[in-house]
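Quick caveat: nothing in here was measured; it's all calculated off a predicted structure. Reckoned from all heavy atoms, side chains included, excluding hydrogens, waters and symmetry mates. Quick note on labels: first sequence line is chain A, next is B, and so on, each numbered from 1.
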Amino acid sequence: MRRLISVASLLALAALALLGGFGEPQFSDAEKKTIASLALNTLPSLKPDTTNQYADVPAAAALGSTLFFDGGMSRDGTVSCSTCHKIDRQFQDDLPQAVGVGHTNRRTMPLAGVARNPWFFWDGRRDSLWAQALTPLENPLEQAGNRAAFAHYIKKRFGERYERIFGPLPDLSSVPANASPLGSDAEKAAWNAMPTGQQDDVNRVFANIGKAIAAFERSIEPEQTRFDRFAIDLATGAKPEGNAAFSPEEILGLKLFIGKANCVTCHNGPRFTDNSFHNTGVPPFDGLPPDRGRVDAVTQVEADPFNCIGKFRDGDESACRELRFMVKDGPQIMRAYKTPSLRGAAYRPPYMHAGQFSTLDEVVAHYSKAPPSVEGVSEVHPLDLSERERAALVAFLKTLSD
Amino acid sequence: MASIWRYILAGLGLAALLVGIVAAVYLTLPQPAPGPDLSRSKKTANGLFVASFEPERGVVRQGELQSWLLTLKTAAGAPVEGAAITVSGGMPQHDHGLPTSPQATDYLGQGRYRIDGVKFTMSGWWQMRFAVSAAAGSDSVVFNIVL
């Protein structure tokens, strides 16, 4: 009788262990590999930016941070980068389209990990972090300033700090108060009347403003989330504890994300982006001017005097391969936009390049239906997800924010 | 005490039977279709050249701009010099092209051409197509790369 009991209890134990095993998340080796490739611990350390020799100079980053939050860096003295890129809101503003001096046509982008991008803006019309920073400064709807005014302002407010980093400021005494090749007619006329050497001097100060701001932005990095803790435990075989454990719904969502729903084809790597441009059939936002995305950005980045092959780049031209080998035409770049990172997305609706969708449910419903694009061809195909599957995807996306 | 061993033996027997059944089921399952031809060296479509395509640094890394080497020999094995090469490609299963426009940037001698600006942004099946024109004529070749 004793023996029978001991054998029975052995069997029961084995059965329990088996059941316990089935209760655990079951992932194939291929799935495990994909999950591991998404975890934040696979993010490589930030590469130096050879096009900006001040990128890792602490004094430059400190000045950049001052400028980022300084309303004085705008025409009316009230708008700074931080008006739209709010430090306590993942460096974005929760609006469908950003509002600066005027109402813009695009959604403010969050900045975590931004220094790792090869391209900037939704359409990638700038090719470096420092060249990007110069654009809102002169955009009439954002900070609405002009480069001559910025040079004077830097000299007056931050002259000493500037010179300690970048060397002596040029003589600005004969530079007009307001002048820029991109400004109002009067500003353009004033710019065109300036001798080339003086234009170069002002451009140099302007580029250095961008380089200081970029040095600051390099410190903005993504943070570890519940998903990362789950992924690390899965990789090491540890049992996820506390909030690192996933609910069955979150596990289903993860499986869909890397499997049947194909999200991981574009949202891949530890930042959940392939850094590339795709038409995903997102409809235009009613009432905004036509927006063709990447196809129009190509000529803009090529024409930008502050691009990588321009004379304001530091280091050599070997850093310019993204620009050199970019896709310049073809149907695939019509209404193509940059794949955004999904880290933190759950806490920052609305979504897409003009805030077209106000919830993650709407986003997932869009992918499930995959309507054709108004122009160009959408790369996503209908998934016909059930309600349960859609909810699971949303539940998984939330694990990238906690 | 001896009889517990009998139980264990019986248990082992059962386990062996189970393994046998699982193996039989596994073996009779349909085998996955053979993937695309992954050879890194092959004849061009009309047999004019023998082409090989290798990453210059030996490894393929997803998401990085890399340079590759395309080596061109005639059918007789002589290096092909002065070839004009155009590059295209994409992901056949996603109907999209390459995320970059790679180009033949340098001739390195012995029929070797550097193809720079190659980037594979996602895992899966990629194709790289080369149209080659040289003294011997024009031909093309497609390489499959699976990440």
Side-chain angles (χ1 to χ4, degrees), chain A residues 2-8 10-11 14 30 33-34 37-38 42-44 47 116-119 124 258 262-271 273-280 294 298 318-333 336 338-339 376-381, chain B residues 1-15 18 22 26 32 35 56-57 60-68 85-106 114-126 128-129 146-147:
Chain A
R2 268 238 199 95
R3 255 175 280 150
L4 214 77
I5 291 176
S6 59
V7 170
L10 255 172
L11 277 174
K33 210 178 129 208
T34 307
S37 73
L38 296 168
T42 63
L43 191 70
K47 280 200 223 108
R116 297 161 182 281
N117 291 349
W119 299 106
I258 63 173
N262 288 324
C263 313
V264 80
T265 53
C266 299
H267 297 282
N268 61 31
R271 295 184 57 228
T273 171
D274 62 355
N275 291 314
S276 194
F277 302 92
H278 304 276
N279 180 330
T280 53
R294 182 65 177 163
V298 167
S318 67
C320 309
R321 287 159 74 238
E322 288 282 354
L323 185 63
R324 184 172 174 203
F325 299 112
M326 76 174 162
V327 174
K328 295 184 185 164
D329 43 37
Q332 67 178 4
I333 59 173
K338 193 166 75 178
T339 311
V377 181
S378 172
E379 279 178 44
V380 298
H381 305 292
Chain B
M1 217 41 212
S3 51
I4 195 165
W5 292 110
R6 245 188 285 150
Y7 282 111
I8 290 177
L9 212 73
L12 277 177
L14 260 169
L18 253 170
V22 168
Y26 181 78
E56 190 166 0
R57 291 208 177 74
V60 191
R61 273 193 228 284
Q62 187 177 326
E64 268 178 36
L65 262 186
Q66 293 193 303
S67 58
W68 286 58
I85 300 167
T86 57
V87 191
S88 59
M91 292 191 92
Q93 290 162 326
H94 292 279
D95 335 298
H96 68 66
L98 297 173
T100 55
S101 347
Q103 290 159 27
T105 53
D106 305 278
R114 177 176 287 130
I115 310 294
D116 201 358
V118 178
K119 195 198 256 190
F120 302 114
T121 40
M122 46 179 90
S123 53
W125 171 23
W126 293 84
M128 296 287 293
R129 247 173 255 115
V146 173
L147 256 69

Student: Return the CD to OG1 distance between B:Q93 and A:T265, rounded to the nearest 0.5 Å.
Tutor: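 That separation rounds to 11.5 Å.
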Student: Which atom pair, heavy atoms only, marks the closest approach of B:S101 to A:K328?
Tutor: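 Closest heavy-atom pair between B:S101 and A:K328: OG-N, 4.5 Å.
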Student: Can you tell me how far apart NZ (B:K119) and CG (A:D274) are? Round to the nearest 0.5 Å.
Tutor: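 CG of A:D274 is found 8.5 Å from NZ of B:K119.
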Student: Starting at OG1 of B:T105, measure out to CZ of A:R321 and round the result to the nearest 0.5 Å.
Tutor: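 Reported to 0.5 Å precision, the distance equals 8.5 Å.
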Student: Between OG1 of B:T121 and CZ of A:F277, what distance do you get to the nearest 0.5 Å?
Tutor: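 Nearest 0.5 Å value for the OG1-CZ distance: 11.5 Å.
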Student: Pick from A:H278, A:E322, A:R324, A:M326: which one has the most heavy-atom pairs with chain B under 4.5 Å?
Tutor: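 The option with the most such pairs is A:E322.
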Student: Tell me, for A:P118 versus chain B, whether the close heavy atoms (under 4.5 Å) come from the side chain, the backbone, both or neither.
Tutor: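 Just the side chain, heavy atoms under 4.5 Å.
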Student: What residues, two or more places apart in sequence or in another chain, satisfy side chain to side chain contact (heavy atoms under 4.5 Å, CB included) together with A:L38?
Tutor: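 Listed in chain order: A:F227, A:I258, A:V264, A:F272.
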Student: Could you please state which residues from residues 60-67 of chain B sit under 4.5 angstrom from chain A, measuring non-hydrogen atom to non-hydrogen atom, sorted by number, or 'none'?
Tutor: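 Contacts with chain A: B:Q62, B:L65, B:Q66, B:S67.
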